[in-house]
Amino acid sequence: MKGLKGKNALITGATSGIGQAIAIRLAQEGCNIAINYRKSVEDVEDTEEMAMQKACGDIDNCGVKSLPVQGDVSKEEDIIRMVNTVVEQFGSIDLLINNAGIQTECSSHEIDTQDFDRVLSVNLRGAFLCARETIKHQLAQNRQGVIINISSVHEIIPRPMYVSYSISKGGMENLTKTLALEYAGRGIRVNAVAPGATITPINQDWVDNPEKKAVVESHIPMSRAGTSEEMAAAVAFLASDEAAYITGQTLFVDGGLTLYADFREAWSA
Ligand code: NAD
């Protein structure tokens, strides 16, 4: 896609699912990729380390540079270190993809405060702090920039039992719009991609269970879950110069989920 070759991208949570697919797609488009992963290198038992190494190998095979950067996006000091490392190694961050995300399931009246805070601090505060640190460099270098937040259909569909997740993605809509407006005149575009139900590890609960999967898919007008590659394609488009006049938008990539399948048939006179 136009304008991606040679760009430097930082993708948070890029060792699995949608983040990994975005890393590979942008590498195929000619971007150098900084892969953020959460766990420390010392945590040898963690499979994320292996996933990170595999992701770097996949990216190197595309003939671009890969850079693993450890960092927990709920920690401000990690974000500052991570962003500075990428700028030192690559020279700039042209594209920031705020993908890292978690969710916890619990009745809203029983949710533990720490669990609530944790989801907000990864999904929303972390996305903001990554954007803040990246924008500082983009402005200082007088460079054009693109920020893409990976939101969710739950940006607009309330999700009972997942109140912190719903709030985080609802907040992401305004984060996207506010930053887009604030920096539109300074060459920085900010958009969001909102996936519907997508086959990734975060959905392990239903992905490998045919009955549960059928229930999920019954709510999707196109009758199937999405793939990480389909999300990555939307990210590549918004990151490219093909989307040069688009800012402050959320692109829903959801097989029609936000059209509400239950209303397919006429339901009122
Ligand atoms: P995933 O669990 O495979 O990926 C999430 C990634 O975030 C993992 O790599 C994880 O290590 C990383 N991460 C978690 N906490 C982190 C932290 N503190 N610091 C750094 N990285 C951290 O799931 P996914 O489905 O690929 O999710 C990616 C994004 O897509 C999330 O923001 C999620 O909310 C969003 N999303 C997913 C779906 C879906 O159906 N899969 C739907 C809508 C939105």
Side-chain angles (χ1 to χ4, degrees), residues 10-25 34-40 43 46-52 54-55 68-83 96-105 115 117-130 148-157 159 162 164-173 175-176 192-208 212-213 216-217 219-220 224-232 234-235 250-255 257-258:
L10 166 61
I11 304 160
T12 65
T15 53
S16 69
I18 294 170
Q20 189 179 39
I22 294 169
I24 290 167
R25 176 62 195 262
I35 301 175
N36 160 245
Y37 65 105
R38 179 170 46 115
K39 293 277 175 70
S40 70
D43 193 353
D46 187 49
T47 52
E48 196 184 3
E49 178 72 13
M50 284 158 59
M52 181 272 291
K54 185 184 175 308
V69 271
Q70 189 274 328
D72 180 336
V73 299
S74 68
K75 295 183 179 155
E76 184 179 20
E77 63 275 20
D78 280 22
I79 290 173
I80 293 171
R81 176 180 44 75
M82 174 171 78
V83 168
L96 166 69
I97 317 297
N98 276 316
N99 166 78
I102 55 171
Q103 60 186 21
T104 53
E105 181 182 346
D115 288 346
D117 287 348
R118 172 105 191 119
V119 174
L120 268 293
S121 70
V122 173
N123 296 10
L124 187 57
R125 181 176 174 275
F128 166 65
L129 293 179
C130 288
I148 298 174
N149 296 319
I150 305 305
S151 179
S152 166
V153 288
H154 298 295
E155 180 176 300
I156 56 169
I157 303 177
R159 193 178 184 194
Y162 291 84
S164 50
Y165 187 80
S166 290
I167 293 170
S168 73
K169 298 300 185 180
M172 206 164 225
E173 179 185 14
L175 173 66
T176 302
V193 167
T198 309
I199 297 170
T200 73
I202 213 172
N203 289 324
Q204 213 62 58
D205 185 43
W206 57 261
V207 163
D208 297 329
K212 285 186 180 176
K213 190 160 179 262
V216 170
E217 292 183 334
H219 295 289
I220 303 170
R224 67 168 177 87
T227 65
S228 295
E229 290 71 23
E230 287 170 322
M231 307 307 143
V235 170
T250 296
L251 176 55
F252 288 88
V253 185
D254 65 356
L257 186 55
T258 43

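Atoms within a ligand are numbered from 1 in the order they appear, just like the ligands themselves.
- Ranked by closest heavy atom to atom 4 (O) of ligand 1, the top entry among S16, G17, A14 is S16.
- Taking only nitrogen or oxygen atoms, main chain and side chain alike, S152 does not reach within less than 3.5 Å of ligand 1.
- Contact between Y165 and ligand 1 is present, with at least one heavy atom of the residue lying under 4.0 Å from the ligand.
- Those atoms of ligand 1 with a heavy atom of P201 less than 4.0 angstrom away are 3 (O).
- Of the candidates I18, I102, N99, it is N99 that places a heavy atom closest to atom 29 (C) of ligand 1.
- Applying the 4.0 Å criterion to heavy atoms of T15 picks out, from ligand 1, the atoms 9 (O).
- Results of the side-chain contact (heavy atoms from CB on, under 4.5 Å) test with V235 over L251, I148, N99 single out I148 as the only residue that passes.
- Here's the thing with K169: one of its N/O atoms is less than 3.5 angstrom from an N/O atom of ligand 1.
- When non-hydrogen atoms are compared, ligand 1 lies under 4.0 Å from the side chain of N203 (C-beta onward) but not from its backbone.
- When side chains are defined from C-beta on, R38 does not count as touching T15, because their heavy atoms never get closer than 4.5 Å.
- Under a 4.0 Å criterion applied to the non-hydrogen atoms of I150, ligand 1 contributes the atoms 29 (C), 30 (O), 32 (O), 35 (C).
- The V122 neighbourhood of ligand 1 comprises atoms 15 (N), 18 (N), with distances under 4.0 Å to a heavy atom of that residue.
- Close approach to R118 involves these atoms of ligand 1, each under 4.0 Å from a residue heavy atom: 18 (N).
- Using a 4.0 Å cut-off between heavy atoms, A197 contacts ligand 1 through its backbone alone, with no side-chain atom that close.
- The CD1 atom of I202 sits 8.5 Å away from the OG atom of S16 when rounded to the nearest 0.5 Å.
- Using a 4.0 Å cut-off to heavy atoms of S151, the atoms of ligand 1 that qualify are 35 (C), 36 (N), 43 (C), 44 (C).
- Every atom of ligand 1 with a heavy atom of N36 under 4.0 Å away is listed here by number and element: 20 (C), 21 (N).
- Judged by distance alone, the side chains of T104 and D115 never bring a donor and an acceptor atom under 3.5 Å apart.
- If you run side-chain contact (heavy atoms from CB on, under 4.5 Å) between S168 and each of L175, I102, L124, V122, only L124 comes through.
- Residues D78 and R81 are paired through a salt bridge, judged by an N-O separation under 4.0 Å between the basic side chain and the carboxylate.
- Considering both main-chain and side-chain atoms, V153 never comes within under 3.5 Å of ligand 1 through any nitrogen or oxygen pair.
- In summary, the atoms of ligand 1 found under 4.0 Å from a heavy atom of G71, numbered by their order in the structure, are 19 (N), 20 (C).
- The closest approach between G196 and ligand 1 falls below 4.0 Å for a heavy atom of the residue.
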*Start with the C-alpha distance between S74 and D72, add both sets of side-chain angles, then the distance that settles side-chain hydrogen bond (donor to acceptor under 3.5 Å, both in side chains), and finish with yes or no.*
CA-CA 5 Å; S74 68; D72 180 336; 2.7 Å; yes

